[in-house]
Amino acid sequence: MGNSALRTLATLEETPLSEYAGATVAIDAHHWIYRYLTGLTRYMDDNIYTTEDGTELPNVAGVFRGLPPILREDITPVFVFDGKPHERKADEIQSRRDAKQEAKQKMADAAEAGDTAAMKRYKAQTQSLTPAIHETTREALELLGIPYIEAGGAGEAYTAKMVEYGLADAAMTDDYDALLFGSPTTIRQYTGKGPAEKMLLNKTLHNHGITHEQLVDIGLMCGTDYNDGISGIGPKRGVKYITSGKTVEEILEDKGATIDGLSQLRELFLSPTIGSVPDTPLTRTEPDFAQFRAFANEWEFPTQFIEKNISRFPRYAE
DNA sequence: CTCGAACA
DNA sequence: TGTTCGAGG
């Protein structure tokens, strides 16, 4: 599974963050946190983010590094946390779990061999979003006046709908699923430095002369986080078959293949379960840096590290 | 993600 | 020859 096929189909354009000045961006919290966790554990000494009782909270340091550039553009970030994953994602979740387990083993081996660089590389791969990380991330967002929402299902689906409903101007995630969930505009590859990448649904559809429904069908044939695709079909043949007027059902018949619960999968992307959405746009409030300092202190973060991060935030009225 | 092998 | 697959960094 996995969906690198969508990468070759997607229309991607470079975009400076300033293009979204004053806008609201719905951020896939899971992806955001994970990105910073792996990045940070790779380069930072772990005693900086480990508390006395051994709890590792690299999020407290990492999650906020990306915020100042966004706030300086007067962008309102809205973090969207995942709800319960769809049961069809179970296999994908299991294989990620297996990969982490394998990385753990390799990390232990590297530690044994005294290979610190390899150890850190594998450690990054073992990172997962623990309950403690979830809890402290929400708490810190509150202290920094950043709004967040709990999605009723997949975060990517929720952020896509927020853009569709006009509650946000763009979704932010690296996940190509955003296209299948119908996000009109998705910001990818945001690093806080240099331009990001925007992925546009309309241009993608127009480039291939297909509808959103057809894109979903192509995705399902190539394989997604929720299903194995049809062996021998990638992005090229997928587009070719669908634009020649064949239906997925016909292609399956030709290949003697099956996709379990095809209509359920289509629904999953075209009308995902998202839970309730707010009826008014979310706004941010003034950060409480004093409380944030106290919070960081509680988690034993070095003061100079926290101060450095705070100094990057735009100036608010004291 | 990049690359070479396998395949239609 | 172009496309997909699968291993490895």
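Here is the naming used below: chain letters follow the sequence lines, and residue numbers restart at 1 for every chain.
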Checklist outcome for this item: Taken to the nearest whole Å, CD1/Ile230(A) to P/dC7(B) is 19 Å
Checklist entry - What is the distance from NZ of Lys255(A) to P of dA8(B), rounded to the nearest Å? => result 9 Å
Item to check | Among Glu213(A), Gln214(A), His208(A), the one residue meeting side-chain contact (heavy atoms from CB on, under 4.5 Å) with Ile242(A) | outcome: Gln214(A)
Next on the checklist: Without decimals, in angstroms, what is the distance between Leu6(A) CG and dC1(B) C1'?
Outcome noted: 16 Å
Next on the checklist: Is the distance from the ring center of Tyr158(A) to that of Phe81(A) below 6.0 Å?
Outcome noted: no
Item to check | Nearest-Å distance for atom pair CD/C1', residues Gln125(A) and dG9(C) | outcome: 10 Å
Next on the checklist: Can you measure Ile233(A) atom CD1 to dT3(C) atom P for me and round it to whole angstrom units?
Outcome noted: 14 Å
Next on the checklist: Tell me whether Asp174(A) contacts the main-chain N or O of Gln189(A) through its side chain, where contact means a donor paired with an acceptor under 3.5 Å.
Outcome noted: yes
Checklist outcome for this item: Ile251(A) CD1 to dA8(B) C1', in whole Å, measures 16 Å
Checklist outcome for this item: Ranking dC1(B), dT3(C), dC5(C) by distance to the side chain of Ser231(A), first place goes to dC5(C)
Checklist entry - Is it true that Lys198(A) and Glu14(A) have a side-chain N and a carboxylate O under 4.0 angstrom from each other? => result no
Next on the checklist: Distance check needed: dT1(C) C1' versus Lys236(A) NZ, whole Å only.
Outcome noted: 13 Å
Item to check | Nearest-angstrom distance from the residue atom CZ of Arg7(A) to P of dT4(C) | outcome: 13 Å
